[in-house]
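All chains are named by letter (A, B, ...) in the order of the sequence lines, taking the proteins before the strands, and each is independently numbered beginning at 1.
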Number of protein chains: 2
Amino acid sequence: MLAERGPAALSARRLVREVGASTMAVYTHFGSMPALVREVIREGFARFMERLKKVRTDDEDPVAELFALCRVYREFAVAEPHVYAVLFGGSGLAGFELDDSDRDMGVYVLRVPRDAIVRAMALGRFREADSWLVVRQLWCLLHGLSDLERTGYLRADHLGGGVGLGDFLELVLRDFAVGAGDTVEAATASLAESAGRNS
Amino acid sequence: MLAERGPAALSARRLVREVGASTMAVYTHFGSMPALVREVIREGFARFMERLKKVRTDDEDPVAELFALCRVYREFAVAEPHVYAVLFGGSGLAGFELDDSDRDMGVYVLRVPRDAIVRAMALGRFREADSWLVVRQLWCLLHGLSDLERTGYLRADHLGGGVGLGDFLELVLRDFAVGAGDTVEAATASLAESAGRNS
DNA sequence: TATTAACCATAACAGCGTTACGCTGCTCCT
DNA sequence: AGGAGCAGCGTAACGCTGTTATGGTTAATA
């Protein structure tokens, strides 16, 4: 219901009407609406991780692998914006607020891209630095892009002729890699390398 | 009320109780709660612009000016997180949803940093490129950082010893400038240059 | 002065999350 | 086999939310 009809549709009464039960069902099984939402976002994080795990590791070109991961990140946010909003956007759904343990699940997914970043550093593609800082830097970029797109702030018709949001992401990723130490040429090559091979 | 007590506190009844009126006051003056929230965010955008306008232009070092603007951006998000959440986070407050004209006000503030970026390109500090694309790239970074900080995902104790969120922003800004074409040395120098002179 | 418009207090409605109460039907122990 | 205990859930209610129809008060206008 959250994914398809949005946060407003996810109410206790609508929910129990759907399954043909009374409001009590929510409280015997979950305790409260926030607790129910918590289970929903558990499922959301699982779906997210599942998508990320599908990206093949690439020891020869970890930067291309990283780019593929970034595409999957945005694609998830675009595919399930309402879920993404609750997972990372701090959307207050039925009084639900993110918990420390919830956020730990969010931070946990960073392990995947960090791994690629570490390998990019080992290969000399990225400047030697704290990989956790770098992956968070990338996170800011990805969350910012995904969230601004979700809220309608970032739209294709703002980007000038012929530039779509997919192209914009490419641009952002290339400049990120350059900022991390890669050359413009190598980054552009890895971008092309990673283009077709998501999933 | 939004700024101090959060979105849950901004209800029609609480509001009219505060000013000693009945709920009708909301509807005669604003029409609906979403419309009232719209006026609130108008005020929010105004406050935001006011802060940005306080940053002095610097034709000799537009990159330093840009960095100063970025600090102000984050400082606003930290100072008024609830307001920021409604302005840019797509927080659904009392059924309020961002309008196209609302978003135009948000996009309008981009003019200020874009101006600095154009000058940085003219001086050869930044690679020649579509300045609107570059400023949106920076926006993703700033919004991502501010929003992840607001939702509690980005915390000082995740960044390793001694690195605060202010330091993290510096790092992010330096790498952004490098990604945009600046040298590491010049970017670091502008960072130091812009350090003390906000407001 | 008479008329009209704006303004707002009252009371109500639907929907929200939540909870006290009571019934039903299952399980387990003797 | 039979009775005790209890988990699960339907009913109805409470207080909260945004919203609105009604009607009375006030102020400005003709």
Side-chain angles (χ1 to χ4, degrees), chain A residues 1-45 80-87 89-103 151-152, chain B residues 1-45 80-87 89-103 151-152:
Chain A
M1 290 176 68
L2 170 63
E4 291 169 15
R5 278 178 246 289
L10 186 60
S11 79
R13 288 190 154 81
R14 238 187 285 258
L15 210 130
V16 298
R17 205 181 305 143
E18 206 90 2
V19 300
S22 79
T23 58
M24 274 308 295
V26 170
Y27 293 90
T28 57
H29 291 293
F30 298 95
S32 70
M33 272 306 284
L36 183 145
V37 174
R38 172 148 293 118
E39 295 305 315
V40 171
I41 72 159
R42 290 281 204 276
E43 168 71 18
F45 276 121
E80 311 218 34
H82 298 123
V83 176
Y84 184 85
V86 182
L87 296 189
S91 163
L93 217 161
F96 170 78
E97 296 283 330
L98 280 169
D99 190 344
D100 273 357
S101 71
D102 299 329
R103 283 188 281 255
T151 53
Chain B
M1 290 175 67
L2 171 62
E4 291 170 14
R5 278 176 248 288
L10 187 59
S11 80
R13 288 190 155 81
R14 238 186 287 259
L15 210 128
V16 298
R17 206 181 303 143
E18 206 89 2
V19 300
S22 78
T23 57
M24 272 310 295
V26 170
Y27 294 88
T28 56
H29 290 292
F30 299 95
S32 69
M33 271 307 283
L36 182 145
V37 174
R38 170 149 295 119
E39 294 306 314
V40 171
I41 71 159
R42 290 282 205 275
E43 169 70 19
F45 276 122
E80 311 217 34
H82 298 123
V83 176
Y84 184 85
V86 182
L87 296 188
S91 163
L93 217 160
F96 169 78
E97 296 282 330
L98 279 169
D99 189 343
D100 273 357
S101 70
D102 299 328
R103 283 188 281 257
T151 54

statement: Looking only at heavy atoms, the pair that brings A:Met1 and A:Ala9 closest together is CE-O, 3.1 Å

field: NE2 on B:His29 to CE on B:Met24, rounded to 0.5 Å
entry: 9.5 Å

message: How many whole angstroms separate atom CE of B:Met24 from atom P of D:dG24?
response: 15 Å

- prompt: If you look at every heavy atom in A:Arg103 and B:Gly152, which pair is closest and at what distance?
  reply: CD-O, 3.3 Å

- request: Could you list the residues that satisfy ring pair (Phe, Tyr, Trp, His ring centres under 6.0 Å) with A:Phe45, not counting sequence neighbours?
  value: A:Phe88

- prompt: Which nucleotide sits closest to the side chain of B:Ser22: D:dT19, D:dC9, C:dT10?
  reply: C:dT10

- line: The side chain to side chain donor-acceptor pair (under 3.5 Å) partners of B:Glu97 (sequence neighbours excluded) come to none

Contacting residues from residues 28-41 of chain B, given that a heavy atom lies under 4.0 angstrom of DNA chain D: B:Ser32, B:Met33, B:Pro34

- line: Residues at least two apart in sequence or cross-chain that pass side chain to side chain contact (heavy atoms under 4.5 Å, CB included) with A:Arg38, listed by chain then number, are A:Arg42, A:Phe96, A:Asp99, A:Asp102

task: Can you figure out which of D:dG18, C:dT19, C:dA11 approaches the side chain of B:Ala94 most closely?
output: D:dG18

- prompt: Which whole-number value in Å describes the distance from B:Tyr27 OH to C:dA12 P?
  reply: 18 Å

task: Can you measure from CZ (B:Arg13) to OG (B:Ser22) and round to the nearest 0.5 angstrom?
output: 10.0 Å

field: Of residues 3-21 of chain A, the positions that come close to DNA chain D - non-hydrogen atoms, cut-off under 4.0 Å
entry: A:Arg13, A:Ala21

- prompt: For A:Pro7, what residues pass the side chain to side chain contact (heavy atoms under 4.5 Å, CB included) criterion, not counting sequence neighbours?
  reply: A:Leu2, A:His82, A:Leu93

